[in-house]
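Note that this is a predicted model, so its numbers are computed, not measured. In what follows, chains carry the letters A, B, and so on, assigned in the order in which the sequence lines appear, proteins first and then strands, with residues in each chain numbered from 1.
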Amino acid sequence: MKLSSAYYLNQDAVGVAKDLLGKVLFTKIDGEISAGIIVETEAYFGINDKASHAYGGRRTNRTETMYSQGGVAYVYLCYGMHHLFNVVTSVKDEPHAVLIRAIEPLVGKDLMEQRRKMPATKSAISSGPGSAARALGIDRKFNTKDLTGEEIWIEDHQIRYREDEIAACPRVGIAYAQEHALLPWRFFVRGNKYVSKPNKL
DNA sequence: TGGACGATGACCT
DNA sequence: GGTCATCGTCCAC
C-alpha cells in the first residue's frame, strides 16, 4: 500500500510524474492525518533540464536536496509565500524531481478547510502547487524528509487512469527555460476539478 | 553584502 | 486580464 523506497529509485522522472497520478499523498502532523489523490504533476529532469533548479549541475544549499537518493521531499519557498512540494526520484547525485501541482482531498478534509480557510468543495482548496502543499500542511520543515517515514508518505490505492484520461502538456511558469519550456512534462487528470489552470489543452 | 527574481495565488475589474 | 503580496536564494559587486 505505502510506496516503498525502491519505487523512488526510478531514474525516469517523467515516467514517475505520470505514474504518480492517482497515488495518494499523506501527511501526519501532530497526530492528525490528511491525504489527497495526486491529480496533477510536473517532471524536472536532471541537470540537462533548463527549467530545473539543478540545471547545469548547479549544487547549492537549496538544490542539495534534489541530489539525494530518491525518496525524500524537496520543499522550497516560491515567490516568498508558497511552499512547493516535490518528490525526489532517481539515484544519489542525479537530481530528478516531480512537482506535485494539485491533489483531490480524500482524508482530513476538515483539517484542509482550516488550513485553507475555505470549504473542501471549492476546487481552489488544493489546486496549484502552493495550495496543494498548504492544504496538506507541508512547509519548509518537510524539506529532506523521508517519504517512507511517519510524517509524509504516498500510498497506492489502486486508482488507475486510462491513457485517454491523462493529459500531457508543457509545464507552467517556466518560460525562462527557453526550448525546454515546450516539453510535455506536465501531466494531469482530464476533467478533474482540482487540476490548476490552465487545465485545457 | 545588496538587489533582482521567482516551478504562485488571491482578489480586483 | 491585471495587480501585487512577500522573502529565501543566488550571484554580481
So, is [X] near the phosphate of [N], with a side-chain N or O under 4.0 Å from OP1 or OP2?
{"X": "A:Arg116", "N": "B:dA10", "value": "yes"}
{"X": "A:Tyr79", "N": "B:dA7", "value": "no"}
{"X": "A:His53", "N": "B:dA7", "value": "yes"}

Atom [atom1] of [X] to atom [atom2] of [N]: distance rounded to whole Å?
{"X": "A:Leu84", "N": "B:dG6", "atom1": "CG", "atom2": "P", "result": "14 Å"}
{"X": "A:Arg140", "N": "B:dG6", "atom1": "CZ", "atom2": "P", "result": "18 Å"}
{"X": "A:Asn86", "N": "B:dG6", "atom1": "CG", "atom2": "C1'", "result": "14 Å"}
{"X": "A:Tyr76", "N": "B:dC5", "atom1": "OH", "atom2": "P", "result": "17 Å"}
{"X": "A:Arg134", "N": "B:dA10", "atom1": "CZ", "atom2": "C1'", "result": "12 Å"}
{"X": "A:Met81", "N": "B:dG6", "atom1": "CE", "atom2": "C1'", "result": "10 Å"}
{"X": "A:Leu182", "N": "B:dA7", "atom1": "CG", "atom2": "P", "result": "17 Å"}

- Please tell me if the side chains of A:Trp153 and A:Asp146 come closer than 4.5 Å, counting only heavy atoms from C-beta onward.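 No. Closest side-chain heavy atoms not under 4.5 Å.
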NA contact type, [X], heavy-atom cut-off 4.0 Å: base, sugar-phosphate, or nothing?
{"X": "A:Arg62", "result": "sugar-phosphate"}
{"X": "A:Leu77", "result": "sugar-phosphate"}
{"X": "A:Ser127", "result": "sugar-phosphate"}

- Do A:Phe187 and A:Val172 share a hydrophobic cluster, counting only Ile, Leu, Val, Met, Phe, Trp and Tyr and linking them when any side-chain heavy atoms are less than 4.5 Å apart?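 In one cluster: no.
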Say whether [X] and [Y], considering side chains only, have a donor N or O and an acceptor N or O under 3.5 Å apart.
{"X": "A:Thr89", "Y": "A:Asn10", "value": "no"}
{"X": "A:His53", "Y": "A:Tyr74", "value": "yes"}
{"X": "A:Tyr44", "Y": "A:Glu42", "value": "yes"}
{"X": "A:Arg115", "Y": "A:Ser34", "value": "yes"}

- Candidates A:Glu104, A:Arg101, A:Arg186 - the one meeting side-chain contact (heavy atoms from CB on, under 4.5 Å) with A:Val195: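 Result: among A:Glu104, A:Arg101, A:Arg186, A:Arg186 is the only option passing the side-chain contact (heavy atoms from CB on, under 4.5 Å) with A:Val195.
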- Message: I'd like to know whether NZ of A:Lys193 has more than 12 heavy-atom contacts from other residues, nucleotides or ligands below 6.0 angstrom.
- Response: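 Enclosed.
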- For DNA chain C, note the earliest and the latest nucleotide, 5' to 3', having some atom under 4.0 Å of a heavy atom belonging to chain A.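 Using the under 4.0 Å cut-off, the span is C:dA5 to C:dC11.
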- Let me have DNA chain C in dot-bracket notation, would you? Count Watson-Crick plus G-U wobble pairs, both distances under 3.5 Å, and use [ ] for pairs crossing earlier ones and | for inter-strand partners. |||||.||||||.
- Task: Could you say whether A:Thr63 or A:His82 is positioned toward the 5' end of DNA chain C, judged by the nucleotide with the nearest heavy atom to each?
- Result: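 Residue closer to the 5' terminus by nearest nucleotide: A:His82.
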- Message: Regarding A:Arg59 and A:Glu64, does a basic nitrogen lie under 4.0 Å from an acidic carboxylate oxygen?
- Response: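 So A:Arg59 pairs with A:Glu64 through a salt bridge.
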